[in-house]
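Remember, it's a predicted structure, so these values are computed and weren't measured experimentally. Starting from 1, each residue takes its place in the sequence as its number. Whatever order the structure lists ligands and atoms in, that order sets their numbers, starting from 1.
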Amino acid sequence: MANNVKLEVKFSGIDTKEIMLQAEQVEKIHQELRAKQAKENFLGWLTLPTSYNKIEFEKIKKCAKKIREDSDVFVVIGIGGSYLGARAVIESLTPTFYNLLPKEQRKTPQILYVGNNMSGTYLNDLVELIGNRDLSINVISKSGTTTEPAIAFRFFREFMENKYGVKEARKRIYVTTDKEKGALRTLAKKERYETFIIPNNIGGRYSVLTAVGLLPISVADIDIEKLMAGARFAQEKYSEENLKYNDCYKYAVLRNLLYQKEKNIEILVTYEPKLHYFIEWWKQLFGESEGKEQKGIFPAGAEFTTDLHSLGQYIQEGRRNLFETVINIEKQEANVQIHFDEDNLDELNYLETRTMDEVNHKAMQATIQAHTEGDVPNIVLNVDKLNEETMGHFIYFFELACAVSGKLLKVDPFNQPGVEKYKINMFQLLGKPGYEEK
Ligand code: PA5
């Protein structure tokens, strides 16, 4: 199937025997995840591609259609797991300069993100960019109390009410939050906003295939049926408990074995700039899931060949505590041929009739060779092309790999206690009631 992800190990030093020594442990984790899934929180994503709420799914498509029809701009308000997945999929599957295209060409609303930082300049510039165009907003927060999106939503509610009046504003505000709990749920109920549910057994960074990601993705007119089909294919494929036949589990094992050999930084590499936000999503998924109890692989990202001219030197010759996971897209969606030039002053005629895609792949091959020879182990994840199915597949692949990897590391991959520390200090400094210094 074209939607397949194939794993390749491009380094020596860890052989099949060493990998297979983990088979028993992986099988235990496989069974533990499935046994707990029925009862415990935060494992709902494991079967989401088959068990998702079909009624909610249809409502998402219906609202997305309305938004496409009545809005020039769609503002997504959220932070962390509440926006990165949507942005990752949207930017991977729409034209590189989507937001800059004229409306007639784009045909769907410009999609802008806010509530993912505390910068007043950013918010101000965003409002200037929106101008007097028609918009809808989607505030996404599971807890409903996260400060960044809460401030942005307070601002945009007022903005919408001033622009449209309370009644019309209500028809353009979409809320994605917990089914029962939180300030956002209370507010949505009071104001009768259209709401979508974040299932309580799915945590933020595992939630892209719920309404959290699906509504914005669908507004961009990306086929969410196909996205779910890709994830479903992956769910079936990686339900194999035997490590020998499960590339997702192999990836989890490989990164843990590398970690034991002092390779404690993983760089997720792409040669396609459209995957920039997919890397950001992956960084959050692994960083928040594994970095605890003074343990964990630090997740970093790089875009080649761009970063070969910045990080390349360090990767080749700096500290030897790195490994790379390369996403290789076999076929680019568009291709450009290099033409013959009579003068050949740039000495590029040797590339005549070759394509940018071919040059990009040769650069990849050359870099993998150079880095592995320089003691930077490389794992390659090959995929035929970038489309809804492969994105769905990748999302499921990394979510499952992250859960198994966290379990191998003996941390809880579903909590994030460390994130609270800065918040407590910030609330104290800001004088939030209940956070007074003792
Ligand atoms: O993955 C996570 O759980 C976090 O990154 C959250 O998504 C993030 O902190 C936003 O939380 P909330 O959706 O409650 O606003």
Sub-4.0 Å atoms of ligand 1 with respect to non-hydrogen atoms of [X]:
| X | value |
| --- | --- |
| Ser82 | 7 (O), 12 (P), 13 (O) |
| Ser143 | 12 (P), 14 (O), 15 (O) |
| Ser141 | 12 (P), 13 (O), 14 (O), 15 (O) |
| Gln416 | 3 (O) |
| Gly204 | 1 (O), 2 (C), 3 (O), 7 (O) |

Establish, for the pair [X] and [Y], whether the NZ or CZ atom is under 6.0 angstrom from the six-membered ring centre and no further than 45 degrees off its axis.
| X | Y | value |
| --- | --- | --- |
| Arg106 | Tyr98 | yes |
| Lys61 | Phe57 | no |
| Arg172 | Tyr164 | yes |

With only distance considered, is Pro149 within less than 3.5 Å of ligand 1 through an N or O on each side?
->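 No, since none of the N or O atoms of Pro149 sits under 3.5 Å from an N or O of ligand 1.
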Please state which protein non-hydrogen atom is closest to [atom] and give its distance, to 0.1 Å?
| atom | answer |
| --- | --- |
| atom 1 (O) of ligand 1 | Arg205 N, 2.9 Å |
| atom 5 (O) of ligand 1 | Gln284 NE2, 2.5 Å |
| atom 2 (C) of ligand 1 | Glu288 OE1, 3.2 Å |
| atom 12 (P) of ligand 1 | Thr146 OG1, 3.3 Å |
| atom 10 (C) of ligand 1 | Ile79 O, 3.3 Å |
| atom 7 (O) of ligand 1 | Gly81 N, 3.0 Å |

Are Tyr251 and Phe398 close enough, and set up right, to give a ring-ring contact (aromatic ring centres under 6.0 Å, His included), and what steps lead you there?
-> CA-CA 9 Å; Tyr251 168 64; Phe398 282 122; 5.7 Å; yes
Result of checking Val114, Ile140, Val75, Ile77 against Phe153 for side-chain contact (heavy atoms from CB on, under 4.5 Å) =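 Running side-chain contact (heavy atoms from CB on, under 4.5 Å) over Val114, Ile140, Val75, Ile77 with Phe153 returns exactly one hit, Ile77.
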Salt bridge present between Glu241 and Lys28 (N-O < 4.0 angstrom) =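 No salt bridge links Glu241 with Lys28.
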With a 4.0 Å cut-off, would you call Lys274 and Glu333 a salt bridge?
->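 Salt bridge flag = yes for Glu333 with Lys274.
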Please indicate whether Glu24 has more than 12 foreign heavy atoms, meaning atoms of other residues, nucleotides or ligands, lying under 6.0 Å from its CD.
->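 No, CD of Glu24 has 12 or fewer neighbouring heavy atoms, counting only those of other groups under 6.0 Å.
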Would you say Glu148 contacts ligand 1, with heavy atoms under 4.0 Å as the rule?
->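 No heavy atom of Glu148 comes that close to ligand 1.
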Test item: Ile90 and Ile111 side chains (from C-beta on) under 4.5 Å apart, heavy atoms =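 Result yes, sub-4.5 Å side-chain heavy-atom pair found.
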